[in-house]
2 protein chains.
Amino acid sequence: MAVTLADVAARAGVSAATVSRVLNGNYPVAGSTRERVLRAVDDLDYVVNGHARALAAATSDLVGVLVNDVADPFFGLIASAVQGEISGGADQPSGLPAGAGKLAVVCNTGGSPEAELNYLTLLERQRAAGVVLTGGAVEGTGHSTAVAGRLARLAASGTRIVLCGRPPVPELADLPGAAADSVMTVAFDNRGGAQRLTEHLLALGHRTIGYVAGPAERSTTRHRLEGHRAALAEAGLAGSPAELDRLTVHGYYDRSSGYDAALELLRREPGLTAVVAANDTVALGVCAALRERGLRIPEDISVAGFDDLPFSVDAAPALTTVRIPLQEAGARAGRLVMGRQAPPPGGLATVRTELMVRASTAAPRKGA
Amino acid sequence: MAVTLADVAARAGVSAATVSRVLNGNYPVAGSTRERVLRAVDDLDYVVNGHARALAAATSDLVGVLVNDVADPFFGLIASAVQGEISGGADQPSGLPAGAGKLAVVCNTGGSPEAELNYLTLLERQRAAGVVLTGGAVEGTGHSTAVAGRLARLAASGTRIVLCGRPPVPELADLPGAAADSVMTVAFDNRGGAQRLTEHLLALGHRTIGYVAGPAERSTTRHRLEGHRAALAEAGLAGSPAELDRLTVHGYYDRSSGYDAALELLRREPGLTAVVAANDTVALGVCAALRERGLRIPEDISVAGFDDLPFSVDAAPALTTVRIPLQEAGARAGRLVMGRQAPPPGGLATVRTELMVRASTAAPRKGA
DNA sequence: CTGTTAGCGCGTTCAG
DNA sequence: CTGAACGCGCTAACAG
């Protein structure tokens, strides 16, 4: 029912091959026939069948973007930047360019390893041109090997892979042939950022600092916690492992986890003078809980977040946090997955993080 | 290079058709052969070629989701909900169901009509199973007719269309045949919500209320402004058109527009006792500007937003706003676009909005 | 219940 | 520069 290449060819009085050639512009075609073909295309409102094209040419217009949840600003910002880079101008008023642009298939994994594998299969089905995996990896279980296997297969079949905000996968470093070059990583310096953040609190004079961590099995959680503890250790405040664990509560990367964790920390250690949260969203929950307990921020207790999400500057009080250039990272991931930018040395680029000191942290009270 | 149906068939000692049948489960196949086929599939790590399948069966696994920008929580929340509904369990740990799930192609239009049309063409290329258009429509130019035309074609070719947070398109109401049933709308009661919000301010005693509107050509902007003015009119405060316009400033739906607009309003009318913003993000900008001018919220001036985005409850002070159940709306749009829910009467459902009174609004100062 | 035969719509040889 | 023929990988009739 839909108009096909053949219909256009018939109307233009040429063969289907010729129509294909003018449409793809990769072959010499006489100006007059090109005119005729284009007019026929226009008359018939012809739109190529992407599936047929993909099948015949063994190419795909799709790029997968795996995120925990696009509704989370952290992932939304990355996904948006990736989409902007791969669209190749479809989002520009100037019109549709040759066809260099690709479509972003956004997949919410909810942080579930199984969902991640499911989506990778689905993307393999679609013979995706590339896949961007965002957010921390789930460590410890056999999951990482399973993912590595799937990614290796995708890479082998020509799909470009970019890990964004996730550590490199060692198993993928030595793939045969060109496949090794098609796996790239844009990592975040979570460890360094976390360390500088805690150093900032220590410099203010804090000595009893609670830590609200994310899920234990996430690489992001681990790196941030390591940075935090490295700062403590350098200040000679490491304490025993039991002591460290007493001031650490794990939860999810959401507001209510922060709320609950803050109350738990206060229960464990009423003398707390500062709380570092896994990220800004968690920090908001922490702030809410502390305020409800009658504590003023930062006069009675300091709070810090991570990521520097857009809302953090408007929180009450403005959140001290660690900025990750998420848009830049996402854009870079987008360019890499499109092959529009040379891969960084070793396939690994690490984006810097920046300490943002705002109003939610201050020196502890004299009495504390 | 990739393993194909034929390879599986060969290994299992059956014909390609049989393999296809067990994979799709739509045809009776003997238990023993099914076993053999499934083992061959497993041995060879076979993954169907979605393009070939789509071409042969004239179906598609893709659903387009057009948003202004996924990084904006308003759109992120909707997109997330849509994707959750259409995934059909791919995001569940239980594994991949038959193949009922579809992939979400997220397109950032940046609010540009041309980009919207470009993406609709791209989605037509992919023979998308459905398209969800979110956010307000751009009115006034020839754009709406152009979009209507494209949507009509998509609908005619079997693509289901859902407008989410956008008014129904009249031109699409009387399409021939089943096409009319495949265009549905999930509208937001922007007008009613805006009216109740302003009524709330009037009840508090405010009489000089500034309004920071979105871009003039957006349907969302228009509806919210209409609601606001309807409330003023009912209270006998309509004033002359010139007077209304003096207290209205248009900008984008972002923070910096709110910031600038607040300063402009203050310049035009220093006696302002309240400001209503186009949405929560804009409201944050308004708050920031007012605070910098030394005004306390709500003691010196009240501020209200719209949408009730997640961060609004944690803003300083917590924002009075109008809640739109974005997740619910997105989920509903997802179900409709999948055909998993019966279309509402007349193809139009309007989701209610709810006034959320929080700390950013209060009675004006006695002296004001 | 299973194999055989045709296409789905397009890109790409290979001749002309 | 253009047309004819073939095949991409799979599903859907049609027989058996």
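The structure displayed is predicted, hence computed values, not measured ones. First the proteins, then the strands, lettered A, B, ... as listed; each starts at 1.
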Trainee: Taking CD from B/Q126 and P from C/dC8, how many angstroms apart are they, rounded to a whole number?
Mentor: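 Atom CD in B/Q126 sits about 20 Å away from atom P in C/dC8.
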
Trainee: Quickly work out the A/R36 CZ to D/dC1 C1' distance and round it to whole Å.
Mentor: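 To the nearest whole Å, that distance equals 12 Å.
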
Trainee: So which nucleotide from D/dG7, C/dT2, D/dT11 ends up closest to the side chain of B/R53?
Mentor: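 The nucleotide sitting nearest to the side chain is D/dT11.
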
Trainee: Between atom CD in B/E35 and atom P in C/dC1, what is the gap in whole Å?
Mentor: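 Those two atoms, CD and P, are 15 Å apart.
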
Trainee: Have a look at A/A58 and say if it touches a base, only the backbone sugar-phosphate, or nothing, with a 4.0 Å heavy-atom cut-off.
Mentor: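 Nothing: the residue A/A58, judged by heavy atoms under 4.0 Å, touches no strand.
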
Trainee: Examine distances only and state if a side-chain atom of B/T159 and a backbone atom of B/A128 form a donor-acceptor pair shorter than 3.5 Å.
Mentor: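 Yes, because the side chain of B/T159 sits within donor-acceptor range (under 3.5 Å) of the backbone of B/A128.
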
Trainee: So, does B/N49 get its side chain near the phosphate of D/dC8, meaning an N or O under 4.0 Å from OP1 or OP2?
Mentor: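 Negative; the distance criterion is not met.
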
Trainee: CZ of A/R127 versus P of C/dG11: gap in Å, rounded?
Mentor: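 Going from CZ in A/R127 over to P in C/dG11 covers 19 Å.
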
Trainee: Nearest to the B/A52 side chain among D/dA4, D/dG9, C/dC1, which nucleotide is it?
Mentor: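 Nearest to the side chain of B/A52 among the choices is D/dG9.
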
Trainee: If you check every side-chain atom of B/Y46, which of C/dC1, D/dG9, D/dG3 has the closest atom?
Mentor: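 For B/Y46, the side-chain atoms sit closest to D/dG9.
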
Trainee: Would you please confirm or rule out a distance under 4.0 Å between OP1 or OP2 of C/dT4 and any side-chain N or O of B/S15?
Mentor: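 No, no such contact exists.
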
Trainee: Kindly indicate, with the supporting measurements, whether the criterion salt bridge (Lys or Arg N to Asp or Glu O under 4.0 Å) is fulfilled by A/E85 and A/R332.
Mentor: CA-CA 8 Å; A/E85 285 291 332; A/R332 186 158 185 183; over 6 Å; no

Trainee: Find which nucleotide of DNA chain C each of B/A57 and B/G31 is nearest to by heavy atoms, and output the residue with the more 5' nucleotide.
Mentor: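 The 5'-side residue here is B/G31.
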
Trainee: Separation of B/N26 atom CG from D/dC10 atom P, in whole Å?
Mentor: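 Value for this atom pair: 16 Å.
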
Trainee: Tell me what B/L55 touches on the nucleic acid: a base, only sugar-phosphate, or nothing, going by heavy atoms under 4.0 Å.
Mentor: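 Base contact.
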
Trainee: Do the side-chain N or O atoms of A/T4 get closer than 4.0 angstrom to the phosphate oxygens (OP1, OP2) of C/dG9?
Mentor: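 Answer no for this pair, as no side-chain N or O of A/T4 is under 4.0 Å from OP1 or OP2.
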
Trainee: Looking only at side-chain N and O atoms, does B/N108 offer a donor or acceptor that is under 3.5 Å from a partner on A/S80?
Mentor: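 Per modelled atom types, A/S80 and B/N108 side chains form a pair under 3.5 Å.
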
Trainee: Identify the two heavy atoms, one from B/G334 and one from B/V337, that lie closest to each other, and give their separation to 0.1 Å.
Mentor: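 Minimum heavy-atom contact is O-CG1, 3.2 Å.
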
Trainee: Nearest heavy atom decides the nucleotide; on that basis, is B/T33 or A/H51 closer to the 5' end of DNA chain C?
Mentor: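 By nearest-heavy-atom nucleotide position, the 5'-most residue is B/T33.
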
Trainee: Expressed as a whole number of angstroms, how long is the span from B/R21:CZ to D/dC14:P?
Mentor: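 Result: 14 Å.
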
Trainee: Can you find a side-chain donor-acceptor pair between B/R150 and B/T121 that sits under 3.5 Å?
Mentor: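 Yes, side-chain donor-acceptor contact under 3.5 Å.
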
Trainee: Over how many whole Å does the gap from B/Y27 atom OH to C/dT2 atom P extend?
Mentor: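 Computing the B/Y27:OH to C/dT2:P distance gives 13 Å.
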
Trainee: NA contact type, A/S20, heavy-atom cut-off 4.0 Å: base, sugar-phosphate, or nothing?
Mentor: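 A/S20: base contact, heavy atoms under 4.0 Å.
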
Trainee: For A/V14, which contact category applies under a 4.0 Å heavy-atom criterion: base, sugar-phosphate, or nothing?
Mentor: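 Sugar-phosphate only.
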
Trainee: Measure from CG on A/L23 to C1' on C/dT12 and round the result to the nearest Å.
Mentor: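 From A/L23 CG to C/dT12 C1': 15 Å.
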
